Structures are given as C-alpha cells and as structure tokens.
Student: 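Pasting a structure below so you can have a look.
All values derive from a computational prediction rather than experimental measurement.
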Amino acid sequence: MVEQELKDGTKRWVEAFNRGDTAAVANFYTEDAKILPPNMEMVNGKQAIKAFWEGARAMGIRSMSLETLEVGIDGDLAYERGVSSVTIQPEGAQASTRRSKYIVILKRQTDGSWKLALDIWNSDLPQPA
C-alpha cells in the first residue's frame with residue numbers, strides 16, 4: 001500500500017515537471033530537502049530546489065520520465081531507486097535524450113504524506129575523454 005503511494009507520488013512529480021509547474025515540483029520536497037545533482041554543488045531547501053528546476057527547464061530540459069525499480073520502507077523513512085530518461089532541447093537545438101539512475105529518500109510527514117528529503121542522480125553516459 002505505501003509502496004504504491006510512493007510510486008504514485010513519483011508519477012505526480014513527473015507530471016508536474018513535464019507541464020512546467022516548478023512550484024508543484026518543489027512541493028514534493030521537505031522544507032530542508034537537499035538535491036545532489038551531478039557535477040554541481042548540493043542544493044539546499046525547497047526554494048533553492050524550485051529555482052534549480054526552473055533553471056533546468058530554462059536550459060532546455062523539456063520532459064522527463066522516471067521508472068521505479070525498487071522501493072524500501074522502514075517506519076517513517078523510505079527510499080526509491082529507479083532510472084530516468086530526460087529529453088533536452090535548448091532553444092534552436094536538436095532534441096537529445098539522456099538516461100540516468102536515481103535514488104531518493106523520503107520522509108513521512110505528520111499529515112501522513114511522503115516528501116522527498118534527499119534526491120541524487122547520475123548519468124549513464126561515460127565521462128568525456
């Protein structure tokens with residue numbers, strides 16, 4: 001039951017991102033959440049995370065899909081491991097798709113909902129030579 005709730009939350013996160021609603025995306029995170037994007041400094045807090053996702057969209061990330069591969073739950077903490085596919089199309093450029101893998105840590109809130117506390121991903125592409 002909780003596993004399906006978490007998967008449904010991931011689906012709603014993707015829907016919010018794909019329609020460009022970064023305020024809704026940010027609401028999936030705790031106030032003190034952290035994201036750890038590849039090759040960048042850690043992003044701290046819901047408002048900074050909202051700004052990060054706004055920047056990602058401005059740089060050309062147009063759509064994303066996430067596939068949950070594993071969920072684990074222990075009390076008020078849960079994790080989700082999966083793979084993502086991101087379509088990037090900067091203004092005036094050809095679209096490209098990139099795959100990566102991700103892990104998120106979620107915390108159950110006092111109202112019973114689950115929110116993202118930690119979010120990390122990395123690319124499946126090899127490092128440039």
Student: Find out whether Asn122 and Ser100 are in side-chain contact, i.e. whether some heavy atom of one side chain is under 4.5 Å from a heavy atom of the other.
Tutor: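 Counting from C-beta outward, Asn122 and Ser100 never come under 4.5 Å.
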Student: Using side-chain heavy atoms (C-beta onward) and a distance below 4.5 Å, is Glu91 in contact with Met59?
Tutor: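 Counting from C-beta outward, Glu91 and Met59 never come under 4.5 Å.
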Student: What are the two closest heavy atoms between Lys50 and Ala26, and how far apart are they?
Tutor: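 Shortest heavy-atom separation between Lys50 and Ala26 comes out as CB-CB, 3.6 Å.
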Student: Do you reckon Val2 sits in the same ILVMFWY cluster as Val71, going by side-chain contacts under 4.5 Å, direct or chained?
Tutor: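 Val2 and Val71: one cluster.
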Student: Is there a side-chain contact between Leu106 and Leu77 (heavy atoms, below 4.5 Å)?
Tutor: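 No. Closest side-chain heavy atoms not under 4.5 Å.
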Student: If you count every heavy atom of other residues, nucleotides or ligands that lies below 6.0 Å from Glu70 atom CD, does the total exceed 12?
Tutor: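 Buried by this count: over 12 neighbours within 6.0 Å.
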Student: Around atom NZ of Lys107, are there more than 12 heavy atoms of other residues, nucleotides or ligands at under 6.0 Å?
Tutor: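 Atom NZ in Lys107 is not packed in, count stays at 12 or less.
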Student: Looking at side-chain heavy atoms only, is the closest gap between Pro37 and Trp121 below 4.5 Å?
Tutor: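 In short, these two side chains touch, coming nearer than 4.5 Å.
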Student: Minimum heavy-atom separation for Leu116 to Ala33, with atom names?
Tutor: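 Minimum heavy-atom contact is O-CB, 3.4 Å.
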Student: For Val43 versus Ile49, what's the shortest heavy-atom pair and its separation?
Tutor: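 So the minimum-distance heavy-atom pair works out to CG1-N, 3.7 Å.
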Student: Other residues, nucleotides and ligands only: do more than 12 of their heavy atoms fall within 6.0 Å of CG on Asp74?
Tutor: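 For Asp74, atom CG is not crowded (no more than 12 foreign heavy atoms under 6.0 Å).
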Student: Would a hydrophobic clustering, with Ile, Leu, Val, Met, Phe, Trp and Tyr connected at side-chain separations under 4.5 Å, put Tyr102 with Ile61?
Tutor: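 In one cluster with Tyr102: Ile61, yes.
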Student: Is it the case that one hydrophobic cluster holds both Val14 and Val86, taking links as side-chain heavy atoms less than 4.5 Å apart, direct or via other members?
Tutor: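 Val14 and Val86: one cluster.
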Student: Going hydrophobic residue to hydrophobic residue with side-chain gaps under 4.5 angstrom, can you get from Trp53 over to Met40?
Tutor: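 Yes, Trp53 and Met40 fall within the same hydrophobic cluster.
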Student: Given 3.5 Å as the limit, does a donor-acceptor pair link the side chain of Asn18 with the main chain of Met64, or not?
Tutor: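 Yes, Asn18 side chain to Met64 backbone: donor-acceptor pair under 3.5 Å.
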Student: Would you compute the distance between atom CG of Asp119 and atom CD1 of Ile35 and round it to the nearest 0.5 angstrom?
Tutor: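 Rounded to the nearest 0.5 Å, the CG-CD1 separation comes out at 6.0 Å.
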Student: When you compare the side chain of Val104 with that of Tyr79, does any pair of heavy atoms fall below 4.5 Å?
Tutor: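 They are not in side-chain contact.
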Student: Counting only N and O atoms by type, is there a donor-acceptor contact under 3.5 Å from the side chain of Arg108 to the main-chain atoms of Gly75?
Tutor: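 Judged by distance alone, yes, a pair lies under 3.5 Å.
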Student: Can a side-chain donor-acceptor contact be found between Ser84 and Glu67 if the only test is distance below 3.5 angstrom?
Tutor: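 There is no such pair between these side chains.
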Student: I'd like to know if the side chain of Arg57 reaches the main chain of Arg62, judged simply by a donor and an acceptor atom lying under 3.5 Å from each other, with no hydrogens or angles considered.
Tutor: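 Yes.
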Student: When rounded to the nearest 0.5 angstrom, what distance separates CD1 in Ile73 from CG in Leu6?
Tutor: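 It comes to 5.5 Å.
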Student: In sequence, state the C-alpha distance, the side-chain angles, and the governing distance for Lys101 and Asp124, and then conclude on salt bridge (charged side-chain N to carboxylate O under 4.0 Å, His left out).
Tutor: CA-CA 7 Å; Lys101 54 228 166 258; Asp124 287 347; 2.7 Å; yes
Student: Does Arg98, at its CZ atom, have more than 12 non-hydrogen atoms belonging to other residues, nucleotides or ligands within less than 6.0 Å?
Tutor: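 No - once you tally the heavy atoms of other residues, nucleotides and ligands closer than 6.0 Å, there are 12 at most.
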Student: What I'd like to find out is whether the side chain of Trp114 reaches to under 4.5 Å of the side chain of Gln109, using heavy atoms alone.
Tutor: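 Trp114 does not reach Gln109 side chain to side chain.
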Student: Is it the case that Arg12 places NZ or CZ above or below the six-membered ring of Phe17, under 6.0 angstrom from the centre and within 45 degrees of the axis?
Tutor: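 Cation-pi check for Arg12 and Phe17: fails.
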Student: Would you name the heavy atoms of Ala117 and Thr30 that are closest together and state the gap between them?
Tutor: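 It is CA-OG1, 3.9 Å.
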Student: Would you say the side chain of Asn44 lies within less than 4.5 Å of the side chain of Met42, judging by non-hydrogen atoms?
Tutor: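 Yes; the side chains approach each other to less than 4.5 Å.
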Student: Evaluate Thr10 against Glu80 for side-chain hydrogen bond (donor to acceptor under 3.5 Å, both in side chains), listing each step before the verdict.
Tutor: CA-CA 9 Å; Thr10 298; Glu80 178 181 321; 2.7 Å; yes
Student: Could you tell me whether Glu3 and Lys7 have a side-chain N and a carboxylate O separated by less than 4.0 Å?
Tutor: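 A salt bridge links Glu3 with Lys7.
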Student: Is there a side-chain contact between Ser65 and Ser85 in this structure, where contact means two heavy atoms from C-beta onward sitting under 4.5 Å apart?
Tutor: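 Side chain of Ser65 against side chain of Ser85, heavy atoms only: contact under 4.5 Å found.
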Student: Closer than 3.5 angstrom, by distance alone: can the side chain of Thr22 be matched with the main-chain N or O of Val25 as a donor-acceptor pair?
Tutor: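 It does not hold such a pair.
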Student: Any link between Leu66 and Phe52 through a network of hydrophobic side chains (Ile, Leu, Val, Met, Phe, Trp, Tyr) touching at under 4.5 Å?
Tutor: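 Leu66 and Phe52: one cluster.
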